[in-house]
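As structure tokens, the structure follows; a few thoughts come after it.
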Amino acid sequence: MSGLDGIFGLIGVSCGIYCLYGYYMLRFKGEIVQSLFLPKDANVKKCKDLNGYRSEAQAPALVLGVIVLLYGALDLYNTYVQAVGWMLAVMIVLVIAAVCFFAVRIKNLNKKYFGL
């Protein structure tokens, strides 16, 4: 074993927690995590309907966060406990699908609510 065996699992868990944090901030605090949802040159104050954006952006963040977190946990389990075989490949496909869903959905929402 090398020192970087579980790096993808750690990255997956970290990214999943960050996406769930973005979901939490949208849902319960009413704030947009700009680094997760908006380009860096966008201004949150230029949103046409903040409540509409918040309600529509929650689902993609939740889906991405849960899937990436599960992938990271499964990868760490695969690395340090027991091989899981084909389940890891299925999770990789799910992560790719979730990232694509998130990217397309958030891009459309940014166009709709921010004119980006």
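Excluded from the calculations below are hydrogen atoms, water molecules and symmetry mates; all remaining heavy atoms, backbone and side chain alike, are included.
Legend: residues meeting side chain to side chain contact (heavy atoms under 4.5 Å, CB included) with Leu36, ordered by chain and number and at least two apart, are Tyr18, Cys19, Val33, Phe102. Looking at residues two or more places apart in sequence or on another chain, you find no side-chain hydrogen bond (donor to acceptor under 3.5 Å, both in side chains) involving Asn43. Judged as a side chain to side chain contact (heavy atoms under 4.5 Å, CB included), and not counting sequence neighbours, the contacts of Cys47 are Leu50, Tyr53, Tyr113, Phe114. Judged as a salt bridge (charged side-chain N to carboxylate O under 4.0 Å, His left out), and not counting sequence neighbours, Lys107 has no contacts. Not counting sequence neighbours, the partners of Lys29 by the side chain to side chain contact (heavy atoms under 4.5 Å, CB included) test are Tyr24, Met25, Glu31. Checked against side chain to side chain contact (heavy atoms under 4.5 Å, CB included), Asp41 has the following partners two or more places apart in sequence or in another chain: Pro39. Legend: residues meeting salt bridge (charged side-chain N to carboxylate O under 4.0 Å, His left out) with Arg105, ordered by chain and number and at least two apart, are Glu56.
The closest side-chain heavy-atom distance from Leu64 to Pro60 is not below 4.5 Å.
Among all heavy-atom pairs drawn from Leu38 and Asn110, the shortest one is CD2-OD1, 3.2 Å. Taking every heavy atom of both residues into account, Asn78 and Gly85 meet most closely at OD1-N, 4.4 Å. When all heavy atoms of Tyr23 and Ala61 are compared, the pair lying nearest together is CB-CB, 4.1 Å. Counting all heavy atoms, side chain and backbone alike, Arg54 lies closest to Arg27 at NH2-O, 4.4 Å. Nearest heavy-atom pair across Ala57 and Ile106 is CB-CD1, 4.0 Å. Here the closest heavy-atom approach between residue Leu76 and residue Leu10 is recorded as CD2-N, 4.0 Å.
Evaluation of the salt bridge (Lys or Arg N to Asp or Glu O under 4.0 Å) test over residues 63-86, restricted to residues two or more places apart or in two chains, returns none. Within the structure, the ring-ring contact (aromatic ring centres under 6.0 Å, His included) test picks out no pair touching residues 60-79 (sequence neighbours left out).
Hydrophobic cluster membership is shared by Trp86 and Met91, with clusters built from Ile, Leu, Val, Met, Phe, Trp and Tyr side chains linked at under 4.5 angstrom. A continuous path of hydrophobic side-chain contacts links Val81 to Ile7 [ILVMFWY only; heavy atoms under 4.5 Å]. Residues Val104 and Val63 fall into different hydrophobic clusters, defined by Ile, Leu, Val, Met, Phe, Trp and Tyr side chains chained together at heavy-atom separations under 4.5 Å. In the hydrophobic cluster analysis, where Ile, Leu, Val, Met, Phe, Trp and Tyr join through side-chain heavy atoms closer than 4.5 angstrom, Phe28 is grouped together with Leu62.
With rounding to the nearest 0.5 Å, the separation of CG in Leu88 from OG1 in Thr79 is 8.0 Å.
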